[in-house]
Amino acid sequence: MEKLYEGKAKEVYSTEKSNEYIIRYKDDATAGNGEKKATIAGKGELNLAITTAIFEMLEEKGIKTHYIETLNNRDMRVKKVTILPLEVIVRNISAGSFAKRFGVEEGIVFSKPTFELSYKNDELGDPLMCEDHAIALGLVTKAEYDFLKDTTLEINELLKKFFEQINLKLVDFKIEYGKTDDGEIILADEISPDTCRLWDKDTNKKFDKDIFRRDLGDLIEGYKEVLNRMRG
Ligand code: TMP
């Protein structure tokens with residue numbers, strides 16, 4: 001295995017198969033575009049287990065993902081894709097950068113989910129972008145943009161239901177897509193408490209990376225609670 005790429009929370013390795021990668025989940029946590037950093041023992045394992053269960057659920061519901069199988073408590077075998085440099089974000093409830101940008105409190109339940117894109121570029125601070133900007137920069141075609149939006153809103157409905165069943169509100173989330181060598185766009189990266197905001201339905205207690213971003217307590221306890229609820 002040769003390491004092809006190291007990101008903030010994961011590493012990507014080549015495999016004996018030219019159309020497959022291995023993704024290794026790390027214990028590193030960052031926030032604020034890398035300004036805050038820590039290594040939190042157990043985080044990678046928990047995010048891998050949670051992402052595995054979510055990708056398996058989405059595949060069952062007909063969403064195409066890069067997931068092939070989870071090999072151990074660190075590594076996922078995936079289809080090789082080239083990640084689109086877009087952070088695709090859906091919000092059901094105001095929080096985070098939305099609350100800050102528009103000067104509103106967190107917790108406003110939207111009448112319909114919002115769909116937004118950021119340009120994945122650390123040097124520029126991942127700027128917010130609209131449909132026309134993504135097309136102008138040649139990142140997607142109009143048809144690809146429409147596919148991303150429709151698929152992402154469908155994923156939102158599936159995830160909302162999934163988390164509702166375990167008494168969690170899906171406040172918002174970020175996903176990433178990748179293109180296969182055949183040009184097909186499929187869901188990639190991860191879906192975990194690192195990339196979703198999850199609040200307890202009754203108490204609004206946070207079970208996501210805001211625990212780390214805002215020093216709210218023990219991140220591992222929070223992520224373990226999410227996994228335990230998922231496992232019933
Ligand atoms: P935001 O409110 O900071 O824009 O975040 C919206 C959602 O996207 C939230 O669930 C956290 C997630 N997210 C990531 O997974 N990675 C990122 O780099 C950012 C900025 C947000």
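Computed from heavy atoms alone, side chains included, the values below leave out hydrogens, waters and symmetry copies. Ligands are counted one by one from 1 in listed order, and the atoms in each one are counted from 1 as well.
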Heavy-atom nearest neighbour in the protein, as seen from atom 7 (C) of ligand 1, with distance rounded to 0.1 Å: Asp172 OD1, 3.6 Å

Closest approach of any protein heavy atom to atom 20 (C) of ligand 1, naming residue and atom: Glu87 OE1, 4.1 Å

Close-contact set for ligand 1 against Ser97 heavy atoms, below 4.0 Å: 1 (P), 2 (O), 3 (O), 4 (O)

For atom 15 (O) of ligand 1, the protein heavy atom that lies nearest, with its residue and separation: Lys174 CE, 3.1 Å

Arg213, any N or O under 3.5 Å of ligand 1 N or O: no

Short side-chain donor-acceptor distance under 3.5 Å, Asp194 and Tyr223: yes

Numbered atoms and elements of ligand 1 in range of Cys196, under 4.0 angstrom, heavy atoms: 10 (O)

Verify atom 12 (C) of ligand 1: protein non-hydrogen atom under 4.0 angstrom away: yes

Check: Met76 and Leu71 side chains under 4.5 Å, non-hydrogen atoms: no

Evaluation steps, side chain to side chain contact (heavy atoms under 4.5 Å, CB included), between Glu87 and Leu117: CA-CA 6 Å; Glu87 300 206 325; Leu117 296 179; over 6 Å; no

Intermediate values then yes/no, side chain to side chain contact (heavy atoms under 4.5 Å, CB included), Glu190 and Lys10: CA-CA 10 Å; Glu190 68 177 292; Lys10 297 187 290 298; 2.7 Å; yes

pair Tyr119-Asp126: side-chain heavy atoms closer than 4.5 Å: no

Residue part near ligand 1, for Ser118, under 4.0 Å between non-hydrogen atoms: neither

Min heavy-atom dist Val171 to ligand 1 below 4.0 Å: no

Residue selection (non-hydrogen contact nearest atom 3 (O) of ligand 1) among Lys209, Arg197, Glu116: Arg197

Set of side chain to side chain contact (heavy atoms under 4.5 Å, CB included) partners for Thr39, sequence neighbours left out: Asp27, Asp28

Atom indices of ligand 1, in the order listed, that fall short of 4.0 Å to a heavy atom of Asp194: 15 (O)

Atoms of ligand 1 close to Thr195 [distance to a heavy atom under 4.0 angstrom, numbered from 1]: 10 (O), 12 (C), 15 (O)

Test item: side-chain donor near acceptor, Asn92 and Lys169, under 3.5 Å: no

Distance-only check: which donor-acceptor pairs under 3.5 Å involve side-chain atoms of residues 100-112, not counting sequence neighbours?
unit_1 : atom_1 : unit_2 : atom_2 : d
Glu106 : OE1    : Arg214 : NH1    : 3.0
Glu106 : OE2    : Gly96  : N      : 2.7
Glu106 : OE2    : Arg214 : NH2    : 2.9

Proximal atoms of ligand 1 relative to Gly96 (non-hydrogen, under 4.0 Å): 2 (O)

Pair His66 and Tyr21, ring centroids less than 6.0 Å apart: no

Heavy atom of Arg91, distance to ligand 1 below 4.0 Å: yes

